[in-house]
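Some notes on the structure that comes next.
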Amino acid sequence: MKKRLEALLRSTLRHCFEQGALAPCQVPAYVIEVPNDPNHGHFATNLALTLASSQKRPPREIALSIVENLMDPQGFLETAEVAGPGFINFRVAAREWCRALSKAVPLKDAYGRSDTGSGEHVLVEFVSANPTGPLHLGHGRGAALGDTLCRVLSCCGYQVVKEFYINDAGLQITILGESIWARFRQMEDPGYPFPENGYHGAYVLDLAEKIAAETDLTALSEAAAKAHCARRGKEIMLGEIKDDLYQFRVPFDVWSSESELYRTGSLEQTLEGVRGKGFLYEKDGALWIRTSDFGDDKDRVIRKKDGEFTYFASDIAYHLQKHQRGFTKAINIWGADHHGYVPRMKAALATHEISPEWLSVMLIQLVKLWEDGREVKMSKRAGSFVTLQELMDEVGVDAIRFVFLTKHHDSPLDFDINRVKRQDSENPVYYVQYAHARICSIFRKARAAGLTVPDELESLESYLVLEEELALIRMISVFPSRLEDIARSLEPHRLTYYLTELAASFHRYFNLGTKVSAHRIVTDDPDLSRARLFLAQGIKMVIANGLRLLGVSAPKSM
RNA sequence: GCGCCCAUAGCUCAGUUGGAUAGAGUGACGGACUACGAAUCCGUAGGUCGCAGGUUCGAAUCCUGCUGGGCGCGCCA
């Protein structure tokens, strides 16, 4: 719809220039938007305001010229009025809205798809938790955000790869092994010392029991036993992480491993590439990279005095490889506490002439958990945290995923477990799901009354005439462009707001029928009922498609 | 000390990327089912968009400075 209006305005401007109604000029950037006040019509444009300076005429006068010369031979528009300081407000003919609905509904699951991202090949890396413990709430937020973003991107025609980077090399895994070993020894000798920086969670004891049951650790040297605990502990934890994510409906395409970068030698190889460009140097017995040449505060160590590579080294290698793999864009979802790493990562990429735009880092703020009116402090090291698994058992995947996307990712999120657990209107997910279930229920009623729910229907304009009905159609029709906005802005939370608004409009519409029986969807008039059922079909379709993108179920009854 | 992020109704947060009279949810109060699902709807109340300047036709949105909060500044990951 907006695109048709845009084309109409283009030809109108051309006409104005030819007729001399406006002085020929470069058309400045202007916007066509959906006003938030319905009195301002279906669409509004600031075109005349932006033309004012180059035309050297008052904006309202320009707007009037445009309206008078409108090129609308087919009667697409019902009204076009100059308003305020020079806005032009448009109302599109009801017939056009009804046609849009007729075209949308037969698309079913495909409604919302577009090709705006065609040609783009995007790698989205998210969660990427260390396999040293179970996933917790913060990981869940990243998983919900990343997965929904990927679903929306795919829907908009982007080619997307979902990737999990496993930090399975280095010190943390060693500490995990030592922690498991210590718990194992403590079974016999309660006084056996626990490592200073060890993992204190109860799951470490479970790991110790499990590993001891499958392998006789006492037959190994202490060093070998610790190494075994580290390797097996990592495997088991990774398995649990994968299970959790599967249950959370977050299927990854690629599991990328840090230790593989070491094993295959590709880390060294990639760093040689950086060296070849002249951005590495030795100082104080360590190897440094000149990130300060590209806006970082200072240079960074990538190989320590003791010969070990830093975490940053493998991260550089990993990201350069992402680029080599041919992606046109990379998106990382990181905890906000890592924001300091963004400049250095971009600087490292810049050593290979990779634009900072190529990598988008989405920083997610912390999740604060509240239970019984108190904040539950979480610490992985201290072993006190609520796992994603526990939360899924208690609350359910639908509610968790939805709630995680009710706020901008850059805004801290308070997760009130008592509230999310409640299966009532306190919980926003049920509001949307209920609208879907309610429509399904109406369909059952309609079929029982001998009516069919049409999948295709035209000539709706003589039946769908209520302001509420046209508002619903308009809301349905913006769904594809709303998804495009989300893909462009990387802000999936807009989807929950959109769906909540759509559900609200439907509930409001439904309630008209409780006052005036003529406004019910199923009425005595079969033709009218069919048209209204068709509209309901469209609403149901958009809710179902939207919820699918959120990874939330669309129940037929509740 | 330096850097990034945030500040909007009592509370939790949106705000279409610079548009018109700033909106939802929740809490408070008052209403609507013998009729398609009341997990719903309608109404009332609630605001100096942290403060002060600046940019322009126009600012919650962009720039500067302040105040208050979160996070980060390691040869840890």
Side-chain angles (χ1 to χ4, degrees), chain A residues 31 33-37 39-40 44 46 49-50 52-53 58-59 83-87 89 130 132 167 169-173 175 197 258 283-288 297-298 300-312 314-315 335-343 363 365-366 406-408 410-414 416 419 422-428 430-431 433-435 437-446 448-449 478 481-482 485 488-489 491 493-494 496-498 500-501 503-504 506-515 517 519-523 529 532-533 536 557-558:
Chain A
V31 295
E33 60 174 12
V34 179
N36 40 26
D37 184 343
N39 292 321
H40 296 149
N46 62 352
L49 293 164
T50 63
S53 62
F87 291 101
N89 296 337
N130 289 0
T132 53
N167 286 119
L171 189 62
Q172 296 312 313
I173 299 293
I175 293 174
N197 299 318
E258 182 185 11
K283 193 182 98 186
D284 303 334
L287 185 65
W288 298 68
D297 296 338
K298 55 183 182 181
R300 306 290 170 179
V301 169
I302 61 172
R303 194 181 57 221
K304 298 181 274 180
K305 223 186 302 187
D306 65 7
E308 294 282 313
F309 284 105
T310 61
Y311 164 89
F312 187 44
S314 46
D315 235 18
D337 53 339
H338 286 76
H339 69 79
Y341 296 84
V342 178
L363 298 170
Q365 292 291 338
L366 295 180
T406 53
K407 291 180 182 28
H408 191 282
D410 201 25
S411 166
L413 189 145
D414 286 316
D416 184 335
R419 197 167 76 180
R422 284 169 63 174
Q423 311 230 333
D424 60 18
S425 56
E426 295 267 313
N427 198 325
Y430 297 113
Y431 186 78
Q433 288 182 319
Y434 179 54
R438 199 176 219 181
I439 292 172
C440 291
S441 169
I442 295 168
F443 286 178
R444 286 190 293 269
K445 266 286 190 334
V478 300
S481 64
R482 189 60 62 97
D485 290 344
R488 188 173 34 77
S489 64
E491 291 178 338
H493 72 283
R494 292 189 185 179
T496 55
Y497 282 88
Y498 169 77
T500 303
E501 282 169 26
F506 169 70
H507 286 312
R508 198 175 307 127
Y509 175 52
F510 176 90
N511 271 277
L512 292 178
T514 65
K515 302 254 193 305
S517 63
H519 288 168
R520 288 158 59 111
I521 290 170
V522 178
T523 66
S529 299
R532 287 180 176 170
L533 287 166
S557 65
M558 294 170 65

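We name chains A, B, ... by the order of the sequence lines, and we start the count at 1 in each one. Both backbone and side-chain heavy atoms feed into the values below; hydrogens, waters and symmetry mates do not. Quantities reported herein were computed from a predicted structural model and do not represent experimental measurements.
In this structure, the nucleotide among A39(B), C13(B), C36(B) sitting nearest to the side chain of Tyr434(A) is A39(B). Side chain of Ile521(A), nearest nucleotide from C36(B), G37(B), A14(B): C36(B). For Leu49(A), counting side-chain heavy atoms from C-beta on, the closest listed nucleotide (C57(B), U16(B), C71(B)) is C57(B). Looking at the side chain of Ser557(A), the nearest of the listed nucleotides C75(B), U21(B), G37(B) is G37(B).
Across all strands, Thr523(A) comes closer than 4.0 Å to no nucleic acid atom at all (heavy-atom distances). The residue Arg520(A) sits close to a base: some heavy atom pair falls under 4.0 Å. Here Ala435(A) lies out of heavy-atom contact (under 4.0 Å) with every strand. Residue contacts shown for Asp306(A) are absent, as no nucleic acid heavy atom lies under 4.0 Å away. Residue Ala446(A) is out of contact with every strand shown, counting any heavy-atom pair closer than 4.0 Å. Residue contacts for Gly170(A): at a heavy-atom cut-off of 4.0 Å it reaches no nucleic acid atom on any strand shown. Residue Thr500(A) is out of contact with every strand shown, counting any heavy-atom pair closer than 4.0 Å. Phe312(A) comes within 4.0 angstrom of no nucleic acid atom, judged by non-hydrogen atoms across all strands. The residue Arg300(A) sits apart from the nucleic acid: no heavy atom pair falls under 4.0 Å. When heavy atoms are screened at a 4.0 angstrom cut-off, Ala44(A) is found touching base atoms of the nucleic acid. Using a 4.0 Å heavy-atom cutoff across all strands shown, His338(A) reaches at least one base atom of the nucleic acid. At a threshold of 4.0 angstrom between heavy atoms, the contacts of Ala286(A) include nucleobase atoms, whether or not backbone atoms are also involved. Within the nucleic acid shown, Thr514(A) comes within 4.0 Å of at least one base atom, counting heavy atoms only.
Contact of Asn89(A) with A20(B) (side chain to base): a donor-acceptor pair of N or O atoms is detected under 3.5 Å.
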Under 4.0 Å protein heavy-atom contact, by nucleotide of nucleotides 3-12 of chain B - B base, S sugar-phosphate only: BBSS-----S

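Look at Arg438(A) and you'll find a side-chain N or O under 4.0 angstrom from OP1 or OP2 of A38(B). The phosphate of C75(B) has neither OP1 nor OP2 within less than 4.0 Å of any side-chain N or O from Lys283(A).
The same atom, C1', is picked in U8(B) and in A22(B); the two are 8 Å apart, to the nearest Å. Taking atom C1' in both C13(B) and G47(B), one finds a spacing of 15 Å when rounded to whole Å. When the P atom is compared between G72(B) and U16(B), the two are found 30 Å apart, to the nearest whole Å. Comparing C75(B) with G70(B), their C1' atoms sit 28 Å apart, to the nearest whole Å. Taking the C1' atoms as reference points, A28(B) lies 12 Å from C11(B), given to the whole Å.
Evaluation of Phe510(A) against the base of C36(B) yields a stacking contact (centre distance < 5.5 Å, interplanar angle < 30°). Between His40(A) and A20(B), a base-stacking contact is recorded: ring centres under 5.5 Å apart, planes less than 30° from parallel.
Ring planes of His493(A) and Tyr497(A): perpendicular class, angle over 60° (limits at 30 and 60°).
Rounded to whole Å, the distance from CD on Glu491(A) to P on U16(B) is 9 Å. The distance from atom CG of Asp37(A) to atom P of A20(B) is 9 Å, rounded to the nearest whole Å.
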